[in-house]
Amino acid sequence: MNYWLMKTEPDTFSIDDLKNAPLKTSSWEGVRNYQARNFMRDQMKKGDLVLFYHSSCKDVGVAGIAEVVKESHPDLSALDTKSPYYDPKATIAEPRWYMIAVKWKQSFKQVVSLHAIKENPKLKEMLITKKGNRLSITPVLKNDFLEIQKMSTN
DNA sequence: GCCAACGTTGGC
DNA sequence: GCCAACGTTGGC
């Protein structure tokens, strides 16, 4: 089993939106970056756990935990001309973009802030703490995942 | 296949 | 809203 961090802007899709979704489940549409796509297409498996990260907002940090419940399938929003995620180069035969689906597991009482993560020497290696890291999906070490979970209960 | 120009991300 | 850092595009 693997661990991941997935970024989302809560104004667009927050952990509450996931919690309130049917079956508390949603596909992760709209990723238009090859590296992040490849993680979803090739590596993210059912049962993997996800740190649900809120970016570009007042309370930046990890807001909760989700679980991968459906593996790679085509992101058809790329075919929808009305979608903000429309990509003219995607076709049915060659969908180009893929996504996974996640299910809500837990909302932290308090967001584990990016600031707190940066302050924690145990989490020095986390990619989210590195300057200029814009990748919206990143692998996370098990120990780092557990440490964040621990911080959420303090 | 290089690389300048451009658009986007995301913390602050 | 600013702007550094980054990924992508497209002319050559």
Side-chain angles (χ1 to χ4, degrees), chain A residues 2-21 26-44 48-68 72-102 104-141 143-152 154:
Chain A
N2 289 307
Y3 299 86
W4 307 91
L5 181 144
M6 300 178 87
K7 290 182 195 170
T8 172
E9 296 187 18
D11 289 347
T12 305
F13 190 76
S14 71
I15 189 124
D16 286 335
D17 292 330
L18 182 61
K19 188 178 179 180
N20 295 328
S26 175
S27 280
W28 203 264
E29 65 170 32
V31 169
R32 297 293 177 264
N33 168 282
Y34 290 106
Q35 229 183 318
R37 178 204 68 181
N38 292 349
F39 283 138
M40 291 198 288
R41 192 189 58 188
D42 306 331
Q43 290 185 245
M44 297 181 78
D48 285 3
L49 293 177
V50 172
L51 295 173
F52 195 106
Y53 182 92
H54 285 171
S55 69
S56 294
C57 60
K58 203 166 121 278
D59 252 341
V60 171
V62 178
I65 292 171
E67 178 182 350
V68 177
S72 176
H73 52 293
D75 179 353
L76 298 180
S77 67
L79 301 179
D80 179 0
T81 52
K82 292 198 199 82
S83 168
Y85 307 126
Y86 174 65
D87 177 356
K89 290 182 184 151
T91 64
I92 299 241
E94 291 286 336
R96 187 142 114 144
W97 302 111
Y98 293 84
M99 60 190 177
I100 51 94
V102 296
W104 177 89
K105 290 272 288 183
Q106 183 188 352
S107 295
F108 292 159
K109 286 207 177 73
Q110 227 181 323
V111 168
V112 176
S113 70
L114 177 61
H115 180 75
I117 292 170
K118 285 180 172 169
E119 294 276 289
N120 186 337
K122 287 184 192 161
L123 301 177
K124 249 197 305 231
E125 298 307 316
M126 280 194 81
L127 292 172
I128 199 74
T129 66
K130 311 280 186 195
K131 189 178 176 187
N133 173 38
R134 308 186 340 183
L135 195 54
S136 65
I137 300 177
T138 47
V140 171
L141 296 173
N143 280 344
D144 292 351
F145 183 94
L146 296 175
E147 179 68 16
I148 299 264
Q149 208 169 18
K150 209 164 109 194
M151 289 166 77
S152 76
N154 286 343

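The analysis underlying the following values was restricted to heavy atoms, covering all of them including side chains, and did not include hydrogens, waters or symmetry mates.
Going from atom CG of A:Asn33 over to atom C1' of C:dG7 covers 7 Å, rounded to whole Å. Atom C1' of nucleotide B:dT9 and atom CG of A:Leu127 are separated by 16 Å, given to the nearest angstrom. Put simply, CZ on A:Arg32 is 16 Å from C1' on B:dG7, counting in whole angstrom units. When the C1' atom of B:dG10 is taken as reference, atom CZ of A:Arg134 falls 9 Å away, rounded to whole Å. For the pair A:Glu9 CD and B:dG10 C1', the computed distance is 8 Å after rounding to whole Å. In this structure, A:Asp11 places its CG atom 14 Å from P of B:dT9, rounding to the nearest Å. Atoms CD1 (A:Ile117) and C1' (B:dG11) sit 13 Å apart, rounded to a whole Å. Taking atom CG of A:Leu135 as the reference point, atom C1' of C:dT8 lies 15 Å away to the nearest angstrom.
By the neighbour-count criterion of 12 heavy atoms within 6.0 Å, atom NZ of A:Lys124 is sparsely surrounded, having that number or fewer from other residues, nucleotides or ligands.
Between the side chains of A:Asn120 and A:Glu147, at least one donor N or O lies within less than 3.5 Å of an accepting N or O. A side-chain donor from one of A:Arg96 and A:Tyr34 sits under 3.5 Å from a side-chain acceptor of the other. Residues A:Arg32 and A:Ser77 have side chains that bring a donor and an acceptor to within less than 3.5 angstrom of each other.
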A:Phe145/A:Leu51 under side chain to side chain contact (heavy atoms under 4.5 Å, CB included): CA gap, chis, key distance, verdict: CA-CA 7 Å; A:Phe145 183 94; A:Leu51 295 173; 3.6 Å; yes

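Nearest nucleotide to the A:Ser56 side chain, out of C:dT9, B:dC12, B:dG10: B:dG10. Candidate nucleotides B:dG10, C:dT8, B:dG11 were compared by shortest atom distance to the side chain of A:Lys7, and B:dG10 ranks first. Distances were taken from every side-chain heavy atom of A:Lys118 (C-beta onward) to each of C:dT9, B:dC12, B:dG7; the shortest belongs to B:dC12. In this structure, the nucleotide among B:dT9, B:dC12, C:dT9 sitting nearest to the side chain of A:Arg96 is C:dT9.
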Protein-nucleotides 1-5 of chain B N/O pairs under 3.5 Å:
none

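At least one side-chain heavy atom of A:Met126 sits under 4.5 Å from a side-chain heavy atom of A:Ile148. With contacts defined as side-chain heavy-atom distances shorter than 4.5 Å, the pair A:Leu135/A:Asn33 qualifies.
For B:dG11, one of the phosphate oxygens OP1 or OP2 lies less than 4.0 angstrom from a side-chain nitrogen or oxygen of A:Tyr53.
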